[in-house]
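Contents: one structure, followed by commentary.
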Amino acid sequence: QVQLVESGGGLVQAGGSLRLSCTASGSIFAINDMGWYRQAPGKQRELVATIPSGRSANYADSVKGRFTISRDNAENTVNLQMNSLKPEDTAVYYCHANARSTTSTYFYSRWGQGTQVTVSS
């Protein structure tokens, strides 16, 4: 199995920065897409940024120019640097990966447990 563990959430004032990190562990054979999603209270989970293996990153329009996603394939980690944070960025942020374990021939969607990001005005 493949597990994702996030870290780095917290409380920050508007205009501040936070960095989220996610590490995949377990019986990993391969990971293709990795990324971050978020879910605010009363809203659906939405894409924040994704970074396919060996390809360019994709960002939600609402975070372009403020957030930067990066990936370390050797360490199976994905990070999200969040700058110029706004109150509307407040949400639970979830790490996501499409991963194949050593005991499977298929890629499956994996989710972390989520980390809270709160931006005060």
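We use all heavy atoms of the structure for the numbers below, so side chains are in, but hydrogens, waters and symmetry mates are not.
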- Query: Regarding Arg100 and the six-membered ring of Tyr106, is the cationic atom NZ or CZ under 6.0 Å from the ring centre and inside 45° of its axis?
  - Reply: no
- Message: If you define the side chain from C-beta out and look only at heavy atoms, does anything of Leu20 sit under 4.5 Å from Val117?
- Response: yes
- Donor-acceptor pair, Gln81 side chain versus Arg19 backbone, under 3.5 Å? no
- Message: Go through it in stages, so that I can follow the logic: the residues are Val5 and Thr23, the test is side-chain contact (heavy atoms from CB on, under 4.5 Å), and I'd like the CA-CA distance, side-chain angles, deciding distance and then a yes or no.
- Response: CA-CA 5 Å; Val5 177; Thr23 300; 5.5 Å; no
- Side-chain touch Tyr94/Arg38, heavy atoms, less than 4.5 angstrom: no
- Message: Ring-plane angle category for His96 and Trp111, please: parallel below 30°, perpendicular beyond 60°, tilted otherwise.
- Response: tilted
- Message: Tell me whether the count of non-hydrogen atoms from other residues, nucleotides or ligands lying under 6.0 Å of CD in Glu88 goes above 12.
- Response: yes
- Message: Check this for me, if you would: do Asp89 and Lys86 make a salt bridge, where the nitrogen-to-carboxylate-oxygen distance has to be below 4.0 angstrom?
- Response: no
- Item | From Thr68, Leu18, Val48, residue fulfilling side chain to side chain contact (heavy atoms under 4.5 Å, CB included) relative to Leu80 | Val48
- Query: Are the side chain of Gln39 and the backbone of Val92 linked by a donor-acceptor contact shorter than 3.5 Å?
  - Reply: no
- Criterion side-chain contact (heavy atoms from CB on, under 4.5 Å) on Arg71 and Thr50, from CA distance to verdict: CA-CA 10 Å; Arg71 176 174 176 171; Thr50 61; over 6 Å; no
- Query: How about Phe29 and Ser104: do any of their side-chain heavy atoms sit closer than 4.5 Å?
  - Reply: no
- Message: When you measure from the side chain of Thr90 to the backbone of Thr118, do you find a donor-acceptor pair of N or O atoms at a distance under 3.5 Å?
- Response: no
- Task: Provide the closest heavy-atom pair for Trp36 versus Cys22 in the form atom of the first, atom of the second, distance.
- Result: CZ2-CB, 3.6 Å
- Kindly say whether Ala49 contributes a backbone atom to a donor-acceptor pair with the side chain of Tyr37 at under 3.5 angstrom? no
- Item | Shortest non-hydrogen separation from Ala14 to Ser121 and the atoms involved | CB-CA, 4.4 Å
- For the side chain to side chain contact (heavy atoms under 4.5 Å, CB included) test, which of Val78, Asp33, Asn79 pairs with Ile51? Val78
- Contact summary for Gly35 and Ile69, nearest pair of heavy atoms: CA-CD1, 3.9 Å
- Of all the heavy-atom pairs spanning Ile31 and Ala24, show the shortest one and how long it is. CD1-CB, 3.8 Å
- Task: Under the side-chain contact (heavy atoms from CB on, under 4.5 Å) rule, what do Ile28 and Ser101 come out as? Steps first, then yes or no, please.
- Result: CA-CA 5 Å; Ile28 300 170; Ser101 71; over 6 Å; no
- Task: Could you tell me whether the side chain of Arg66 and the main chain of Ser84 form a donor-acceptor pair under 3.5 Å?
- Result: yes
- Message: With side chain to side chain donor-acceptor pair (under 3.5 Å) as the criterion, how do Asn32 and Ser53 come out once you've worked through the C-alpha distance, each side chain's angles and the decisive distance to 0.1 Å?
- Response: CA-CA 5 Å; Asn32 47 29; Ser53 181; over 6 Å; no
- Rounded to the nearest 0.5 Å, what separation is found between the CG atom of Leu85 and the OG atom of Ser17? 6.0 Å
- Would you call the rings of Tyr93 and Phe67 parallel, tilted or perpendicular, where under 30° means parallel and over 60° means perpendicular? tilted
